[in-house]
Amino acid sequence: MATAEQKQEGQHRDSSDFVITQTFDAPRELVFQSWVEPERLAQWWGPVGFELSVLALDLQPGGVFHYGMRAENGYEMWGKFTYQSIEVPERIVSILSFADKQGNPVQHPVSATWPLESFNTMTLTEENGRTTMTLRSTPHKATDEQHETFKQGFESMQQGFKATFGQLAEYLARVQ
């Protein structure tokens, strides 16, 4: 549940939360490392068919993960996580945005009403050597129109994250 302060800042609106959960046949520490080590991230993060370049990764509150993605046809785009808090190996809170090559937040490449930023919480829990990852995302400091666009994008986000997390599952299977 969002606090009054979070609602006032537009960080959280429960009806706008996108939540996806996936369980991996891997220990929590390895899944966590896969989110925070550049050489691991490059193996799985991003849309299927894109090559990832890690431009910066500074794992601390206020630090950033700035990355570029290049499609086989040469199309490029960039993104950025700004870390809010890190609890090794169980939780990462960050603000995610599309970005330019210099790391400045930019509008979604195909949606003028998509929120400029989203507030993301990724949690990991382990049971019997398997790790369940839950990603919760909500528009950050967004207008009502941006919240509505975000909600309308849930099905597309579900498909995109499922594919990306499928790449993570394949990566984890290779490195264990």
Side-chain angles (χ1 to χ4, degrees), residues 16-57 59 64-83 89 91-126 130-140 146 149-176:
S16 296
D17 283 3
F18 170 77
V19 181
I20 188 167
T21 300
Q22 184 156 333
T23 300
F24 300 98
D25 290 320
R28 179 168 69 170
E29 288 76 15
L30 178 58
V31 177
F32 187 87
Q33 289 171 341
S34 299
W35 275 93
V36 301
E37 295 177 7
E39 62 279 0
R40 293 182 188 274
L41 272 165
Q43 300 295 312
W44 68 272
W45 177 252
V48 172
F50 278 74
E51 181 181 331
L52 183 83
S53 299
V54 177
L55 305 173
L57 200 154
L59 189 67
V64 300
F65 164 41
H66 180 214
Y67 57 94
M69 297 180 288
R70 183 180 177 93
E72 292 173 0
N73 67 5
Y75 175 74
E76 292 182 313
M77 63 182 177
W78 296 267
K80 181 173 80 170
F81 287 75
T82 302
Y83 297 113
R91 181 174 139 115
I92 298 173
V93 178
S94 61
I95 294 174
L96 173 64
S97 63
F98 288 93
D100 61 19
K101 198 170 188 174
Q102 291 72 41
N104 302 303
V106 298
Q107 195 59 53
H108 188 291
V110 296
S111 175
T113 59
W114 192 261
L116 187 60
E117 299 175 321
S118 61
F119 188 88
N120 295 340
T121 303
M122 187 273 301
T123 56
L124 301 172
T125 56
E126 183 177 351
R130 300 183 81 216
T131 301
T132 299
M133 177 178 64
T134 301
L135 178 67
R136 177 178 298 275
S137 183
T138 192
H140 180 68
Q146 291 169 328
T149 299
F150 188 81
K151 287 193 296 189
Q152 291 173 4
F154 280 8
E155 186 175 327
S156 175
M157 291 168 62
Q158 183 84 17
Q159 292 172 0
F161 277 113
K162 281 278 187 205
T164 296
F165 296 161
Q167 293 177 145
L168 175 55
E170 291 172 7
Y171 168 75
L172 293 167
R174 284 194 317 265
V175 299
Q176 289 193 78

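No hydrogens, no waters, no symmetry mates; every other heavy atom, side chains included, goes into these values.
The structure places CG of Leu116 at 10.5 Å from CZ of Phe98, a figure rounded to the nearest 0.5 Å. Between Lys80 atom NZ and His66 atom NE2 the span is 7.5 Å, to the nearest 0.5 Å. Note that the CE atom of Met122 and the CG atom of Leu135 stand 8.0 Å from one another [nearest 0.5 Å]. Distance CE/Met133 to CD1/Ile20: 7.5 Å, rounded to 0.5 Å. Atom CZ of residue Arg40 and atom OH of residue Tyr171 lie 4.0 Å apart, to the nearest 0.5 angstrom. With rounding to the nearest 0.5 Å, the separation of OG1 in Thr164 from CE in Met157 is 11.5 Å.
Side-chain contact check for Thr131 versus Leu172: every heavy-atom pair is 4.5 Å or farther apart. A 4.5 Å side-chain heavy-atom check between Pro109 and Met77 finds at least one atom pair inside the cut-off. Looking at Thr121 and Thr123, their side chains come closer than 4.5 Å, going by heavy atoms from C-beta outward. Under the 4.5 Å side-chain criterion, counting only non-hydrogen atoms from C-beta, Arg136 is not in contact with Thr138. Looking only at side-chain heavy atoms (C-beta outward), Trp35 and Leu168 come within less than 4.5 Å of each other. Ile92 is listed as a side-chain neighbour of Phe32, based on a closest heavy-atom distance under 4.5 Å. Side-chain contact between Trp78 and Leu55: present, with at least one pair of heavy atoms (C-beta onward) separated by less than 4.5 Å. Between Gln176 and Pro27, some side-chain heavy-atom pair lies under the 4.5 Å cut-off.
Legend: side chain to side chain donor-acceptor pair (under 3.5 Å) pairs involving residues 20-29, not counting sequence neighbours, sorted by first then second residue: Thr21-Thr134, Thr23-Thr132, Asp25-Arg130. The side chain to side chain donor-acceptor pair (under 3.5 Å) pairs that include a residue from residues 102-117 are Asp100-Asn104, Thr113-Thr149, where partners are two or more places apart or lie in different chains.
No more than 12 heavy atoms of other residues, nucleotides or ligands lie within 6.0 Å of CD in Glu72, so this atom counts as exposed by the packing criterion.
The nearest pair of heavy atoms linking Ser94 to Phe81 is OG-CD2, 3.1 Å. Taking every heavy atom of both residues into account, Asp17 and Phe154 meet most closely at O-CZ, 3.3 Å. Taking all atoms of both residues into account, the shortest heavy-atom contact from Tyr83 to Val64 is CE1-C, 3.9 Å.
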Pairs of donor and acceptor atoms involving the side chains of residues 41-51, under 3.5 Å and at least two apart or interchain, shall be tabulated with distances.
residue : atom : partner : partner atom : Å
Trp44   : NE1  : Ser34   : O            : 2.9

